[in-house]
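Computation of the quantities below employed the complete heavy-atom set of this structure, encompassing side-chain atoms and omitting hydrogens, waters and symmetry-equivalent molecules.
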Amino acid sequence: MSVCFEVRPPTAGDEIPEQDACRVGMARKVTAARLRYCGLEALVDDATLIVSELVTNAIQHGAADQITMTVTVRGGYLRLAVHGETPGQPVVRNAPDDAECGRGLFLVDCLAAAHGGTWGTEQNGTTTWCTLAVDGRP
């Protein structure tokens, strides 16, 4: 299942526009509905948190006016992917305890590992993806 939505490419120092911030909530709801439809209720909380982080990163750091989110279940894994024309390779950072941001990919990495999956990027950072095992084994 894929969902495409328009966003406004960020300008340096700008906050995310409210309509784009609402896209994060929409992505969470679509993901949760798809997982429930597939009988994967146990993954809903972690998968929606991952989607929140990936979509937010695509909005904040992307260069495109459209983001595509894909949710697939195949070969024992749930795959969550967000394509947003983000230049470069995203990396996990160790944010200071008092930082208000910078933990997104750290959370994605931890949640993927906890579910026997992994995360990465394709096409020079334009697509960031995460896999979670669906059989409940870490």
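What you find for Arg23 and Glu6 is that their closest heavy atoms are NE-O, 3.2 Å. For the pair Arg8 and Asp20, the tightest heavy-atom approach, listed with the atom from each and the gap, is N-OD2, 2.9 Å. For Leu43 against Ala133, the heavy-atom pair with the smallest separation is CD1-O, 4.1 Å. For Val108 against Glu53, the heavy-atom pair with the smallest separation is CG2-CB, 3.9 Å. Nearest heavy-atom pair, Gly84 versus Ile67, reported as atom, atom and distance to 0.1 Å: CA-CG1, 4.3 Å. The heavy-atom pair separating Gly116 from Tyr77 by the smallest distance is O-CE2, 3.4 Å.
Inter-residue side-chain proximity for Thr126 and His83 is flagged as met; some heavy-atom pair is nearer than 4.5 Å. Within the 4.5 Å cutoff, the side chain of Phe5 has heavy atoms near those of the Val55 side chain.
Taken to the nearest 0.5 Å, the CG atom of Leu49 stands 11.5 Å off from the OG1 atom of Thr31. Taken to the nearest 0.5 Å, the CG atom of Leu107 stands 11.0 Å off from the SG atom of Cys130. With values rounded to the nearest 0.5 angstrom, Leu54 atom CG is found 11.5 Å from Ile59 atom CD1. Interatomic distance, Trp119 CH2 to Leu80 CG, rounded to the nearest 0.5 Å: 14.0 Å.
Between the side chain of Thr131 and the backbone N or O of Thr118 there is at least one donor-acceptor pair closer than 3.5 Å. At least one donor-acceptor pair closer than 3.5 Å links the side chain of Arg28 to the backbone N or O of Thr48.
Side chains of Thr128 and Thr121: no donor on one and acceptor on the other come within 3.5 Å.
A single hydrophobic cluster is not seen to contain both Trp129 and Val134; linkage of ILVMFWY side chains at heavy-atom distances under 4.5 Å, directly or through other members, places them apart.
At most 12 non-hydrogen atoms from other residues, nucleotides or ligands lie less than 6.0 angstrom from CD of Glu18.
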Can you check side chain to side chain contact (heavy atoms under 4.5 Å, CB included) on Leu132 and Leu40, steps first, answer last?
CA-CA 11 Å; Leu132 307 175; Leu40 299 173; over 6 Å; no
